[in-house]
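Shown next, in structure tokens, is the structure this report addresses.
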Number of protein chains: 2
Amino acid sequence: MTTISVLLVDDHTVVRSGLKALLGTQPDIAVVGEASSGEEALDAAQQHSPAVVLMDLAMGAGMDGIEAIKHLRQRNPKQAIIVFTTYDSDADIVRAVDAGAMGYLLKDAAPEEIFAAVRGAVQGKSVMSAPVASRLFQQLRNPDEVLTPREAELLSLLTEGLSNRDLGKRLFISEATVKTHLAHIYAKLGVETRAAAIATAIRREGMR
Amino acid sequence: MTTISVLLVDDHTVVRSGLKALLGTQPDIAVVGEASSGEEALDAAQQHSPAVVLMDLAMGAGMDGIEAIKHLRQRNPKQAIIVFTTYDSDADIVRAVDAGAMGYLLKDAAPEEIFAAVRGAVQGKSVMSAPVASRLFQQLRNPDEVLTPREAELLSLLTEGLSNRDLGKRLFISEATVKTHLAHIYAKLGVETRAAAIATAIRREGMR
DNA sequence: ACTTGTATCAGCCAAAAGGTGGAGAGACCA
DNA sequence: TGGTCTCTCCACCTTTTGGCTGATACAAGT
């Protein structure tokens with residue numbers, strides 16, 4: 001039996017110690033490091049080269065989870081990354097999978113689910129919480145209504161109340177392109193205005 | 001030295017074990033029970049009569065945190081209840097304090113903060129995370145920023161994505177009046193656009 | 001009686017957003 | 001190679017929104 005080394009990335013101290021306590025009960029799993037931000041995660045991964053990285057997507061300050069995942073994948077593609085977060089937002093799921101996440105767990109997952117995800121990840125298996133899986137399944141059934149990564153990115157910024165101009169600046173694209181993306185997003189979400197899009201996004205997608 | 005008995009209420013297993021691990025390092029604090037829902041919390045409180053209840057506001061199903069706090073206070077007013085949650089929503093803070101919470105901690109609080117809150121709570125002291133305190137302070141300082149009932153009604157409909165015209169029809173007022181109310185709402189929320197108002201309302205005020 | 005707060009309405013103007021109909025570049029796949 | 005996606009950009013036009021100023025009416029508290 002090989003021991004699986006795990007790196008925990010979460011800006012909440014309690015969540016980290018909770019995971020550590022839970023994973024500590026498993027003889028074949030060892031937490032080798034902790035990080036509370038994306039930047040720290042990169043350092044810690046460099047230092048410990050864990051087999052699995054358990055990462056929260058929402059980090060208070062600095063690099064967000066998605067960015068961190070991309071960097072981690074780039075440096076060590078063999079490393080399995082499991083997202084461990086509170087919400088099952090469509091956009092986040094798509095972006096995380098796109099960035100290279102192997103699994104997607106919600107924080108209310110049962111301990112057994114977490115263990116299974118860690119063990120599965122090192123074998124190249126994708127393990128995800130049921131609500132997440134059902135969302136992905138639905139997306140496969142209706143590919144027309146799935147936002148592209150770029151659109152999801154826009155929608156996410158949209159829910160922060162930015163104007164088209166600000167969106168353009170933030171994403172380094174012209175206002176015209178912003179409007180094009182928005183039109184597509186509206187069509188896919190089945191709404192006519194940005195207000196409705198934001199409402200739909202936050203309510204339906206669990207965005208915050 | 002008296003040992004402080006604590007009951008943990010959170011629907012996330014990892015958060016519970018994290019808190020347990022953290023609090024376990026303190027000789028004067030003992031976790032005497034855990035619950036993952038409001039209903040369970042009431043039972044557990046009855047059984048263990050803990051000195052302090054650490055409770056998450058957002059519980060997946062059934063009774064929410066606020067309801068649970070009210071019931072707990074009713075049964076045992078001497079018990080100190082500390083809210084331990086992820087977001088510092090204005091509405092949640094007010095409602096929790098109103099329901100009888102002694103403290104309000106955010107999940108990214110440092111361990112020392114948590115210990116201090118538990119110890120302070122049994123002495124009747126209110127301990128809260130800095131962002132929470134600053135919000136409460138701001139509310140006391142600026143009663144001007146409280147929405148009138150009519151404005152709140154509008155804001156609520158706004159978060160459903162309605163246009164000014166639709167808002168007018170729904171509330172039987174002219175579009176001009178809608179615009180007036182909106183201008184007041186924007187000023188009070190400190191935003192310039194309806195998009196930002198919706199984002200602020202849903203995120204900060206806990207509207208869903 | 002006077003002030004304050006709330007709710008209602010109007011008009012004007014500038015800015016932002018949305019609709020329509022394109023179009024080119026790069027990736028990927030059959 | 002041809003088709004399909006995705007992302008990017010443009011122009012033109014209409015609708016919507018927001019900023020500003022000002023007004024009336026009613027209720028409640030001082």
Side-chain angles (χ1 to χ4, degrees), chain A residues 66 70 73-74 90-91 93-100 139-201, chain B residues 139-201:
Chain A
I66 301 283
K70 285 183 190 161
R73 297 284 318 172
Q74 210 168 358
D90 282 353
I93 297 173
V94 170
R95 292 197 306 152
V97 170
D98 205 61
Q139 294 205 332
L140 287 178
R141 263 196 359 187
N142 284 1
D144 287 0
E145 292 176 11
V146 180
L147 301 183
T148 68
R150 194 56 157 173
E151 285 162 0
E153 204 176 349
L154 242 120
L155 181 57
S156 162
L157 288 176
L158 197 64
T159 63
E160 285 171 21
L162 300 186
S163 68
N164 290 348
R165 186 172 306 166
D166 293 337
L167 289 171
K169 281 182 188 165
R170 189 77 83 86
L171 298 174
F172 304 107
I173 57 180
S174 78
E175 218 177 308
T177 307
V178 170
K179 289 170 105 178
T180 304
H181 285 308
L182 286 182
H184 294 158
I185 290 172
Y186 297 162
K188 288 179 180 176
L189 292 185
V191 299
E192 282 92 41
T193 68
R194 76 170 41 211
I198 293 172
T200 304
Chain B
Q139 290 207 334
L140 288 178
R141 252 198 7 185
N142 284 348
D144 289 358
E145 292 177 9
V146 179
L147 300 183
T148 68
R150 193 56 158 174
E151 284 162 1
E153 199 178 353
L154 242 121
L155 182 57
S156 162
L157 288 175
L158 197 63
T159 64
E160 285 171 21
L162 300 187
S163 69
N164 290 347
R165 187 171 306 166
D166 292 337
L167 288 170
K169 281 182 188 165
R170 189 78 82 86
L171 297 174
F172 304 105
I173 57 181
S174 78
E175 218 176 309
T177 307
V178 170
K179 289 172 87 176
T180 304
H181 285 309
L182 285 182
H184 293 158
I185 291 172
Y186 297 163
K188 288 181 180 177
L189 293 185
V191 298
E192 282 91 43
T193 67
R194 75 171 45 210
I198 294 172
T200 304

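In what follows, chains carry the letters A, B, and so on, assigned in the order in which the sequence lines appear, proteins first and then strands, with residues in each chain numbered from 1.
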| Hey, what do you get for CG (B/Leu157) to CG (B/Asp166), rounding to the nearest 0.5 Å? | 10.0 Å

| query | To the nearest Å, how far apart are B/Leu189 CG and D/dG18 P? | reply | 12 Å

| task | For the side chain of B/Thr177, starting at C-beta, report the closest nucleotide among D/dT8, D/dT6, C/dT8. | result | C/dT8

| Could you give the CD-to-P distance, from B/Glu153 to C/dT8, as a whole number of Å? | 9 Å

| task | Examine distances only and state if a side-chain atom of B/Thr200 and a backbone atom of B/Ala196 form a donor-acceptor pair shorter than 3.5 Å. | result | yes

| Could a donor-acceptor pair under 3.5 angstrom be found where the side chain of A/Thr148 meets the base of D/dC7? | no

| field | Between P of C/dG5 and NE2 of B/His181, the distance in whole Å | value | 16 Å

| request: May I have the distance from A/Phe172 (atom CZ) to D/dC7 (atom P), rounded to whole angstrom? | output: 17 Å

| field | Interatomic distance, B/Arg150 CZ vs C/dC9 P [rounded to whole Å] | value | 9 Å

| request: Specify the separation, in whole Å, of atom CG of A/Leu171 and atom C1' of D/dT8. | output: 12 Å

| Rounded distance (nearest 0.5 Å) linking atom NE2 of B/His181 with atom CD of B/Glu153 | 9.0 Å

| field | Interatomic distance where CG belongs to A/Leu167 and C1' belongs to C/dG18 [whole Å] | value | 14 Å

| C/dT8 P sits how many Å from B/Glu151 CD, rounded? | 10 Å

| said: The side chain of B/Ser174 is closest to which nucleotide in this list: C/dA10, C/dA7, D/dT8? | reply: C/dA10

| said: Once rounded to the nearest 0.5 Å, what's the spacing between atom CG of A/Leu158 and atom CD1 of A/Ile185? | reply: 6.5 Å

| query | Of the non-hydrogen atoms in B/Ile198 and A/Ala195, which two are nearest, and what is the gap between them? | reply | CD1-CB, 3.5 Å

| More than 12 heavy atoms of other residues, nucleotides or ligands under 6.0 Å from CD of A/Glu175: is that the case? | yes

| task | Scan side-chain atoms only and decide if A/Thr177 and A/Thr180 contain a donor-acceptor pair under the 3.5 Å cut-off. | result | no

| query | With respect to the side chain of A/Leu182, which nucleotide from D/dG18, D/dC9, C/dG18 is positioned closest? | reply | C/dG18

Tabulate atom names and distances for all N/O pairs under 3.5 angstrom spanning the protein and nucleotides 12-17 of chain C.
unit_1, atom_1, unit_2, atom_2, d
C/dA16, OP2, A/Arg165, NH2, 2.7
C/dA17, OP2, A/Asn164, N, 3.0

